[in-house]
S.K.: 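Take this structure first; my questions come after.
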Amino acid sequence: MECLFCKIINGEIPSKKVYEDETVYAFYDINPMAPVHVLIVPKQHIASVNDVTAENSAVISHIYEVAAQLAKELGIAESGYRVVTNCGKDAGQTVFHLHFHLLGGQPLKLEMC
Ligand code: 5GP
Ligand code: ZN
């Protein structure tokens, strides 16, 4: 498997783990865009939102549960945060293993595009 995030999930490539359970892995982004910048990923290899189906979509709601829990633990639940996923070239997706950026710890830019 040549996927970078699959290698991070299975420990082949080191990461700063924030959270792990049976279906989800979360770790600090190597190039943080905000004081808190965590990536939350399904352990199952799903390339992007384009590949979410009725069969694999349960993990997405679970990822949002994890995001809410981590936001509390990391102290940004009250100040606010953003959960973002980029899909494809125009959105700037660089790693083709579905991931959700959890960003906070400072006022975030309001531009969405
Ligand atoms: P994308 O641009 O695909 O939405 O987000 C990919 C993210 O993965 C980027 O924010 C980038 O900094 C992060 N990233 C890329 N390679 C690594 C790595 O080896 N380790 C960690 N922790 N993050 C990475
Ligand atoms: Zn993968």
Side-chain angles (χ1 to χ4, degrees):
M1 177 61 85
E2 288 307 306
C3 170
L4 175 67
F5 286 176
C6 282
K7 287 182 177 167
I8 285 179
I9 291 160
N10 71 26
E12 253 180 272
I13 292 175
S15 64
K16 271 181 74 182
K17 181 167 85 173
V18 183
Y19 174 84
E20 181 175 16
D21 65 25
E22 267 182 28
T23 58
V24 166
Y25 190 81
F27 55 104
Y28 284 103
D29 196 291
I30 204 167
N31 182 27
M33 302 286 200
V36 174
H37 188 172
V38 167
L39 300 173
I40 311 172
V41 309
K43 284 188 171 176
Q44 180 188 1
H45 181 87
I46 301 169
S48 78
V49 174
N50 279 339
D51 302 286
V52 174
T53 65
E55 282 67 43
N56 64 23
S57 64
V59 72
I60 309 294
S61 56
H62 183 51
I63 281 172
Y64 273 86
E65 285 177 41
V66 171
Q69 181 188 319
L70 291 181
K72 290 187 190 86
E73 287 175 16
L74 297 171
I76 57 171
E78 298 308 319
S79 51
Y81 56 93
R82 190 169 287 151
V83 180
V84 184
T85 186
N86 295 317
C87 181
K89 182 166 59 71
D90 282 357
Q93 184 179 7
T94 57
V95 178
F96 282 78
H97 180 128
L98 182 65
H99 52 280
F100 292 76
H101 300 258
L102 173 64
L103 297 150
Q106 69 180 24
L108 301 171
K109 291 196 180 75
L110 295 179
E111 292 85 14
M112 293 296 276
C113 55

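We count ligands from 1, going down the list as the structure has it; atoms in each ligand are counted the same way.
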S.K.: For Y25, which fellow cluster members are found when Ile, Leu, Val, Met, Phe, Trp and Tyr are connected by side-chain heavy-atom distances below 4.5 angstrom, either directly or through intermediates?
M.R.: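 Y25 shares its hydrophobic cluster with L4, F5, I8, I9, I13, F27, L39, V41, V95.
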
S.K.: To the nearest 10 degrees, calculate the angle at the Zn ion (ligand 2) involving ND1 of H97 and SG of C3.
M.R.: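 That angle works out to 110° after rounding to 10°.
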
S.K.: Using modelled atom types and a 3.5 Å cut-off, is there a donor and acceptor pairing between side-chain atoms of H97 and backbone atoms of P42?
M.R.: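 Here the side-chain-to-backbone pair exists.
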
S.K.: Nearest 0.5 angstrom please: H99 NE2 to S48 OG, how far?
M.R.: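 Reported value, rounded in 0.5 Å steps: 10.0 Å.
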
S.K.: I need the contact residues for ligand 1: any residue with a non-hydrogen atom closer than 4.0 Å to the ligand, ordered by chain then number.
M.R.: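 Those residues closer than 4.0 Å to ligand 1 by some heavy atom are L4, F5, I8, F27, Y28, D29, I30, N31, L39, N86, G92, Q93, T94, V95, H99, H101.
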
S.K.: Can you tell me the angle formed at the Zn ion (ligand 2) by ND1 of H45 and SG of C6, to 10°?
M.R.: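 Output for this angle: 110°, rounded to tens.
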
S.K.: So, for R82 and V84, which heavy atoms are closest and what is the spacing to 0.1 Å?
M.R.: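 Minimum heavy-atom separation between R82 and V84: CG-CG2, 3.3 Å.
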
S.K.: Using a 4.5 Å cut-off between side-chain heavy atoms of Ile, Leu, Val, Met, Phe, Trp and Tyr, which other residues end up in the same hydrophobic cluster as L70?
M.R.: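 Result for L70 is V18, Y19, V24, Y28, V36, V38, I40, I46, V49, V52, V59, I60, I63, Y64, V66, L74, I76, Y81, V83, L98, F100, L102.
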
S.K.: Evaluate the ring planes of H37 and H101, with Trp represented by its six-membered ring, and classify them as parallel (under 30°), tilted (30 to 60°) or perpendicular (over 60°).
M.R.: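 The arrangement is tilted - the two ring planes meet at 30° to 60°.
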
S.K.: Distance-only check: which donor-acceptor pairs under 3.5 Å involve side-chain atoms of residues 105-113, not counting sequence neighbours?
M.R.:
none

